[in-house]
Amino acid sequence: MEEKPKHFIDTIIQDDLKSGKHDTVITRFPPEPNGYLHIGHAKSICLNFGLAETYNGKCNLRFDDTNPIKEEAEYVKSIIEDVQWLGFEWNELLYASDYFQAMYDFAQDLIQKDKAYVCELTPDEIRATRGSLKEPGQNSPHRNRPVEESVDLFQRMKNGEFPNGSMTLRAKIDMLHPNLNMRDPIIYRILHASHHRTGTDWCVYPMYDWAHGLEDSIEKITHSLCTLEFEDHRPLYDWFLLALGVYKPQQIEFARLNVGYTLTSKRKLMELVEEGHVTGWDDPRMPTISGMRRRGFSPEAIRAFSDKVGLAKRDTVTDMALLEFCVRDDLNKSAARVMGVLNPLKVVITNYPEDQVEELEAINNPEDPEMGKRKISFSRELYVEQNDFMEDPPRKFFRLGPGREVRLRYAYFITCNDVIKDEDGNVVELHCTYDPETKGGSAPDGRRVKGTIHWVSAEHAIDATVRLVDRLFTVEDPLAQENDFHNYINPDSMVELKNCKVEPEVKSFKPETRFQFERLGYFTIDRWDSDTEDLVINRTVTLRDSWAKKNRK
RNA sequence: UGGGGAGUAGUCUAAGGGUAGGACAGCGGGUUUUGAUCCCGCCAGUUGGGGUUCGAAUCCCUACUCCCCAACCA
């Protein structure tokens, strides 16, 4: 608590604690269950739960379920799962719908105070009389109807006596107000719809501005954090709570997170799902929490990222590279290493005995000795990566080429003698010799090799399908382009490789195990599509590759 | 041309009158049985113009640029 504040909201909280305005911190994460949570929500979750954690306060998970037309129980379920997976515990699990009766009662109170009225204007008429950015609005003809009449009408709205759209309850504020939100905003609309929790109990549903402040107030939220677009709503938030004379939390706005080469808009993500550009909300390419999970991102990495992106009030696009850094940084420490060959090229060790098999020792994680060692089988026929061989390599290519010697990781030095091709001239096999003196990978004569490559024993390797997951879009900001964002969907965002050859060790990995294929990247076992018959592996992120980078230029 | 916000290296973010700092990215080097990790170094910034001040990213004026608001969405 004595710590230097991490950002402007942290500063406000520390000041409030110091001044005695509050003696505790109560925050909330208030998602609408109308879609899956994405990386932007992860930032908000980490912020709200993190602040509560830091100051020994509380954070509620509260579903802002005031619009039955868009909300579904499926989304509630996914959101609960996502928050838990990220590793946070809520103080209470709540729903705005828990407060429907209380909100209704407060609305009656507002009418009694002559600060709200039932309006019978149609949606078109309301729009027409709201004015515009530079034109003031006009009063509704029902604005000054007697309180009793509004009381009666509102009750009958609730009782379902009127059709959708025929009436609204509006706050009586100021149709001339320069802030459009203050021009007699609607606080209740008629909706004959079934709600995921309250069924058909209600025919009227509160609007966001009415509901949200009340939810915060009822829960005694100290700091109500939301994104910048609600800055214009703060005067209304305050007006309602002041008008009712109830506890008023402080709303504080921060800039939402944007990340390059992807989208953080629930609506647009839903389009990608519904139009079949991805396989679902949790497609490994999606920036949803469930998508990132399936791709192999760890909760720790996402939390570290949320911490590193910072918090301020300006619109920004965070570099995807930062997210990738956080993922690598965490997985480097935690993920076991194994070997896998994505594009296999057969290698025959011509001087290695036909039926011999040796068990060689390999380190599971050089960053963590606790993770131990394992045995890997070596034999006469192996697979190596196709791009670890070049027929006519440049000098700086530290891998296999005719006459070149390399080290097979944890095994032997081998030298390439013959290149076997098919009739089309494609390299299909290499004939190499090994140096029996170099077992384990070091030469007694002190001879050094420039390259070390990964391999698997042909006889022992198992097949796997590997999905190379890449950025979803071809441009950094798909919404800032001349054309619709659909034009920038990356056609190679997920390339599936069949018949990859991997260490048999991988078969023992449970779904969602995160591991490294040495020299390639971090991978995970797909939580849905993989089984013991058909191993399906997603590439989370590549390793940094300065060789590839050099060649790109 | 109504209202509300915001402008600091390529990106994100500190510094609130006193040496513009950190992270990511990039570049260079060292170690290395992963061209990974790790270590060292470098590059690079206050939107423009005035003013106040010994001293301004910070205070004042002004210009400019960008974002949000006209759902019975949240």
Side-chain angles (χ1 to χ4, degrees), chain A residues 4 6-7 30-32 34 64-67 69-71 119 121-123 126-128 130-137 164-170 176-183 185-191 204-205 207-209 211-212 226-235 253 255 257 260 266-267 308-326 328-329 332-333 337 339 362-363 366-367 396-399 407-411 413 438 440-442 448-454 476 516-521 542-550:
Chain A
K4 186 172 141 234
K6 290 167 77 174
H7 44 69
E32 183 188 13
N34 67 344
D64 215 351
D65 55 350
T66 57
N67 185 356
I69 293 168
K70 291 187 177 175
E71 296 150 8
C119 178
L121 257 24
T122 64
I126 287 184
R127 195 176 312 121
R130 185 156 31 223
S132 68
L133 293 184
K134 40 185 191 298
E135 316 250 313
N164 288 357
S166 59
M167 289 181 193
T168 55
L169 182 69
R170 293 227 257 166
L176 307 179
H177 201 108
N179 179 345
L180 291 279
N181 295 124
M182 300 295 274
R183 318 239 261 232
I186 293 168
I187 59 186
Y188 267 95
R189 77 281 214 188
I190 297 171
L191 243 34
V204 291
Y205 290 89
M207 297 288 288
Y208 166 85
D209 290 298
H212 205 89
C226 62
T227 43
L228 252 29
E229 64 267 30
F230 293 100
E231 226 155 7
D232 284 345
H233 294 245
R234 184 167 8 109
E253 310 84 12
L257 172 70
K266 262 197 255 181
R267 214 192 103 241
K308 280 181 185 290
V309 288
L311 192 74
K313 293 191 68 155
R314 62 172 123 160
D315 297 308
T316 57
V317 180
T318 294
D319 197 336
M320 177 66 95
L322 183 62
L323 216 204
E324 293 179 346
F325 166 81
C326 292
R328 293 189 184 110
D329 192 45
N332 176 48
K333 289 173 272 184
R337 272 66 166 169
M339 292 195 281
I363 294 165
E367 304 293 317
K396 293 288 238 176
F397 185 79
F398 303 150
R399 305 178 190 182
R407 171 169 38 235
L408 294 178
R409 177 82 157 151
Y410 296 125
F413 287 10
T438 58
S442 53
R448 303 183 77 93
V449 286
K450 280 183 227 136
T452 300
I453 65 174
H454 60 277
E476 174 146 42
Q516 181 193 104
F517 275 139
E518 294 214 27
R519 305 210 306 136
L520 297 176
T542 60
L543 255 29
R544 278 186 74 222
D545 188 346
S546 53
W547 170 246
K549 201 175 293 170
K550 196 169 288 182

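Every chain is numbered from 1, with letters handed out A, B, ... down the list of sequences.
- Note on A:Tyr205: nothing from the nucleic acid sits closer than 4.0 angstrom, heavy atoms only.
- Look at CD on A:Glu135: it is 16 Å from C1' on B:C69, rounded to the nearest Å.
- Residue contacts shown for A:Arg170 are absent, as no nucleic acid heavy atom lies under 4.0 Å away.
- Between the side chains of A:His454 and A:Arg519, at least one donor-acceptor pair of N or O atoms lies under 3.5 Å.
- Set against B:U34, B:U13, B:G2, the side chain of A:Lys134 has B:G2 as its closest nucleotide.
- Closest to the side chain of A:Glu229, out of B:G4, B:G35, B:A74, is B:A74.
- Because its glycosidic torsion is more than 90° from 0, B:A63 is reported here as anti.
- Side-chain contact between A:Thr168 and A:Tyr188 is absent, with no heavy-atom pair separated by less than 4.5 Å.
- Looking at A:His233, its side chain comes within 3.5 Å of the base of B:A74 through a donor and an acceptor atom.
- Heavy atoms of A:Lys396 sit under 4.0 angstrom from at least one base atom.
- Contact annotation for A:Met182: no contact, since no heavy-atom pair falls under 4.0 Å across all strands.
- For A:Arg337, the listed nucleotide lying nearest its side chain is B:U34; candidates were B:U34, B:A74, B:C12.
- With both ends at atom C1', the span from B:U58 to B:C43 equals 27 Å, rounded to whole Å.
- A donor N or O paired with an acceptor N or O is found under 3.5 Å between the base of B:G3 and the side-chain atoms of A:Asp232.
- With hydrogens and angles ignored, no donor-acceptor pair closer than 3.5 Å exists between the side chain of A:Arg234 and the base of B:G4.
- The separation of B:U65 from B:A23, taken at their P atoms, amounts to 36 Å, rounded to a whole angstrom.
- Qualifying salt bridge (charged side-chain N to carboxylate O under 4.0 Å, His left out) partners for A:Arg127, counting only residues two or more places apart in sequence or in other chains: A:Asp124.
- If you check every strand for non-hydrogen atoms under 4.0 Å, A:Thr66 touches sugar and phosphate atoms only.
- Straight-line distance from the CG atom of A:Asn181 to the C1' atom of B:G2: 13 Å, rounded to whole Å.
- Stacking between A:Trp547 and B:G35 is present: the aromatic ring centre lies within less than 5.5 angstrom of the base six-membered ring centre, and the two planes differ by under 30 degrees.
- Contact annotation: A:Ser132 does not reach the phosphate of B:G2 (side-chain N/O to OP1 or OP2, under 4.0 Å).
- Annotated stems with RNA chain B as a participant read B:2-7 with B:64-69, B:10-13 with B:21-24, B:26-30 with B:38-42, B:47-51 with B:59-63, given as range with range, by first number; only runs of 3 or more Watson-Crick or G-U pairs under 3.5 Å qualify.
- Residue-level contact check: A:Phe413 touches neither bases nor backbone, having no heavy atom under 4.0 Å from any strand.
- As a whole-Å value, the separation of A:Arg519 CZ from B:U32 C1' is 14 Å.
- Within 4.0 Å (heavy atoms only), A:Ser442 reaches at least one base atom of the nucleic acid.
- Looking at A:Thr66 and A:Tyr205, their side chains never come closer than 4.5 Å, going by heavy atoms from C-beta outward.
- As rounded to whole Å, 14 Å separates atom C1' of B:C73 from atom NE2 of A:His212.
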Close N/O contacts between protein and nucleotides 22-25 of chain B (under 3.5 Å):
none

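- Partners of A:Lys313 under the salt bridge (charged side-chain N to carboxylate O under 4.0 Å, His left out) rule, at least two apart in sequence or in another chain, are A:Glu231, A:Glu253.
- Across the protein-nucleic acid pair, A:Leu121 atom CG and B:A71 atom P stand 14 Å apart, rounded to whole Å.
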What does the list of N/O pairs under 3.5 Å between the protein and nucleotides 65-67 of chain B look like, with a distance for each?
unit_1: B:C67; atom_1: O4'; unit_2: A:Asp315; atom_2: OD2; d: 3.4
unit_1: B:C67; atom_1: O2'; unit_2: A:Asp315; atom_2: OD2; d: 3.2

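- We find that NZ of A:Lys6 is positioned 14 Å from C1' of B:A14, with the value rounded to whole Å.
- Atom CD in A:Glu367 sits roughly 18 Å away from atom P in B:U31 (whole-Å rounding).
- Atom CZ of A:Arg189 is separated from atom P of B:C72 by 10 Å (rounded to the nearest Å).
- Distances shown here put a side-chain N or O of A:Arg127 below 4.0 Å from the OP1 or OP2 atom of B:A71.
- Taking the P atom of each, B:C60 and B:G22 are spaced 29 Å apart, rounded to whole Å.
- A sub-4.0 Å separation between OP1 or OP2 of B:C72 and a side-chain N or O of A:Arg130 is present.
- Legend: residues meeting side chain to side chain contact (heavy atoms under 4.5 Å, CB included) with A:Asn67, ordered by chain and number and at least two apart, are A:Glu32, A:Ile69, A:Lys70, A:Glu71, A:Arg189, A:Leu191.
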